[in-house]
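Notes to accompany the following structure.
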Amino acid sequence: MIVRTRVAPSPTGDPHVGTAYVALINYLFAKKHGGKFLLRIEDTDQARSTRESETAILDSLHWLGLSWDEGPDVGGPHGPYRQSERSAIYQEYVQKLLDAGHAFKCFCTPQRLEEMREAQKAAKQPPHYDGLCLTYDAAEVARREAAGETYVVRMNVPQEGVCVVDDTRRGPIEIEWRTVDMQILMKSDGLPTYHLANVVDDHLMEITHVIRGEEWVSSAPKHILLYRYFGWEPPALMHVPLLRNPDKSKLSKRKNPTSILFYKAMGYLPEALVNFLGALANSTAAGEEELMTLAHMVERFDLMHVALGGPVFDVAKLDWLNGRYLRERLDADAFEARVAAWGFAPARMKRIAALAHPRIERMSDLGNLCGFFFAGRLNYPVELLRAGKLDDDALRAAFALAQAELDLLREYDLAGIERVLKGVAESLDKKFRDVVRAFYIAVTGSPTSVPLFDAMEILGRDVVRERLRHALEALGKKEKTA
RNA sequence: GGCGCCAUAGUCUAUCGGUUAGGACGUCGCCCUUUCACGGCGAAGAGACGAGUUCGAUUCUCGUUGGCGCUACCA
């Protein structure tokens with residue numbers, strides 16, 4: 001048997017380090033066993049998926065040195081590798097389930113479902129589809145369909161017995177069928193949900209080992225049931241732990257930078273980041289060199305040694321590793337080249353120079369004026385934030401709101417940034433200039449600097465988010481008023 | 001709340017019943033050094049709790065506690 005693994009990111013946001021972590025484990029396992037590693041884009045959520053995000057994910061994983069044997073950008077014999085291009089396939093398989101009575105059409109409105117869940121919650125019952133539409137006979141279903149009622153397709157789930165999920169690393173996990181909801185397989189827009197698309201694709205793409213995040217354990221029975229319904233041999237399943245924030249919660253950009261783009265922008269080397277992630281999966285033994293190439297990681301990889309506790313993404317250790325790569329693995333020329341490529345690319349320098357040009361008296365002003373473009377955490381006194389007309393509460397509100405709004409921005413560009421900051425000033429009922437002043441400090445470290453929106457655009461969403469987070473941190477928690 | 005997963009120092013981990021519980025990051029100290037950093041040497045620091053099995057439990061079982069995940073027409 002040829003081992004075939006995959007990573008299946010959903011292009012709904014920044015390329016997440018967690019995606020890279022899971023991708024790396026799948027990659028290492030496949031390569032270790034002379035198999036294939038594929039990349040599939042799970043973009044069945046029309047509302048949230050974007051091409052920009054997909055591109056960023058592919059670029060980021062490539063940047064880390066990962067490559068796939070089959071995928072949307074390189075093709076392969078099992079394509080297309082983008083789920084949005086596989087609708088006809090899912091339609092076909094949903095019909096099979098429908099024909100066999102393993103799935104049914106559900107005409108319940110979102111409102112009814114909402115009320116049902118509320119009632120169940122109030123009655124201390126676990127939220128669960130009540131099976132109303134399962135009681136309709138063929139004539140009733142036909143009548144409703146003819147009347148133009150929209151419907152989704154739900155999976156018919158047995159209500160008795162237990163499902164044993166055989167996790168390669170954890171052993172058997174028993175989950176009672178009655179705790180498994182009658183999952184929607186196909187949404188009213190005709191596109192499949194994760195569960196259906198995932199199973200169909202993994203089968204069609206001949207995936208032998210599904211190695212994925214821990215968040216999927218509880219829905220594994222649904223997937224196993226689908227394999228059973230289709231009469232397919234399920235792949236080996238294994239769930240790896242989720243990366244954590246320092247406080248042990250699931251890694252989130254609220255508390256910790258999660259975007260690969262951020263680490264790139266901060267001047268981490270891809271080989272250091274991928275080494276760090278790999279060391280989280282398979283730690284080094286006593287006396288073993290911690291600096292490892294991808295090839296070396298492949299060689300020593302052991303799936304059974306992936307620890308089960310959720311590891312904290314320890315930036316301090318990443319810093320140490322990155323420092324060693326920078327100092328020990330790059331000679332003077334290579335270092336210079338990396339630095340140039342990192343922050344001094346011609347296009348970037350041109351923009352920065354143009355911003356500085358009108359505000360300069362001596363070229364030596366450049367350092368103070370533009371240093372923040374090449375910095376990580378800014379070291380300004382917190383008093384500077386407070387020097388403006390906004391009090392602490394207003395500052396906190398402004399930064400927090402901007403953080404959220406900037407994240408929601410579809411296109412992170414000049415116009416969008418301006419819209420967000422104007423919106424922040426408006427909703428706080430503060431003068432735009434007073435609000436902007438605070439952002440100057442948070443983003444550039446100084447009240448007098450190059451144009452803010454340009455600076456924010458050049459720095460990128462991730463670095464800006466981190467600087468706002470830092471400002472929020474510097475201000476401290478809201479004081480309890482006596 | 002229900003269901004599930006997890007549990008060795010601040011953090012990442014090794015240990016496949018018998019170890020002075022090993023390593024790495026971080027922290028602290030000493031050395032090197034015009035400063036700092038790097039580097040070298042060293043130190044402090046851990047089996048969540050309670051039962052059980054066993055000659056012997058960090059390791060196996062159960063319970064408690066804690067953390068996390070899931071509980072969407074998101075993945």
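The model shown is predicted, which means the values in this text are computed figures rather than measured ones.
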For nucleotides 57-63 of chain B, print each protein N/O atom paired with a nucleotide N/O atom at under 3.5 Å, atom names and distance only.
none

Which atoms of nucleotides 37-47 of chain B (N or O only) lie under 3.5 Å from a protein N or O atom, and what are those distances?
from: B/C38; atom 1: O3'; to: A/Arg327; atom 2: NH1; distance (Å): 3.2

Roughly how far apart, to the nearest Å, are [N] and [M] at atom [atom1]?
N     : M     : atom1 : value
B/C49 : B/A7  : P     : 15 Å
B/C31 : B/A37 : C1'   : 16 Å
B/U59 : B/G47 : C1'   : 10 Å
B/G22 : B/G45 : C1'   : 14 Å

### Message
Enumerate the ring pair (Phe, Tyr, Trp, His ring centres under 6.0 Å) contacts for residues 42-88 of chain A, please, sequence neighbours excluded, ordered by first and then second residue.
### Response
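Qualifying pairs, neighbours excluded: A/His62-A/Trp68.
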### Task
Could you tell me whether the side chains of A/Asn275 and A/Tyr325 share a donor-acceptor contact shorter than 3.5 Å?
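Short answer, yes.
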Below 3.5 Å between N/O atoms, which protein atoms pair up with nucleotides 3-14 of chain B? Just atom names and distances, please.
from: B/C5; atom 1: O3'; to: A/Arg170; atom 2: NH1; distance (Å): 3.3
from: B/C5; atom 1: O2'; to: A/Arg170; atom 2: NH1; distance (Å): 2.2
from: B/C5; atom 1: O2'; to: A/Glu214; atom 2: OE2; distance (Å): 3.0
from: B/C12; atom 1: OP1; to: A/Lys248; atom 2: NZ; distance (Å): 3.4
from: B/C12; atom 1: OP1; to: A/Val312; atom 2: N; distance (Å): 3.2
from: B/U13; atom 1: O2'; to: A/Ser283; atom 2: OG; distance (Å): 2.4

### Query
Quick one: does NZ or CZ of A/Arg465 land under 6.0 Å from the six-membered ring centre of A/Phe262, within 45 degrees of the ring axis?
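Judged by the rule, A/Arg465 and A/Phe262 form no cation-pi pair.
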### Query
Quick one: side-chain hydrogen bond (donor to acceptor under 3.5 Å, both in side chains) partners of A/Glu405, sequence neighbours excluded?
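By the side-chain hydrogen bond (donor to acceptor under 3.5 Å, both in side chains) rule, A/Glu405 matches no residue at all.
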### Close residues, residues 44-76 of chain A, relative to RNA chain B [heavy-atom separation under 4.0 Å]
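Those residues whose heavy atoms fall under 4.0 Å from RNA chain B, taken from residues 44-76 of chain A in numerical order, are A/Thr44, A/Asp45, A/Arg48.
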### Query
Does a sphere of radius 6.0 Å around NZ in A/Lys36 hold more than 12 heavy atoms from other residues, nucleotides or ligands, not counting ones at 6.0 Å or beyond?
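Open: at most 12 neighbouring heavy atoms sit under 6.0 Å from NZ of A/Lys36.
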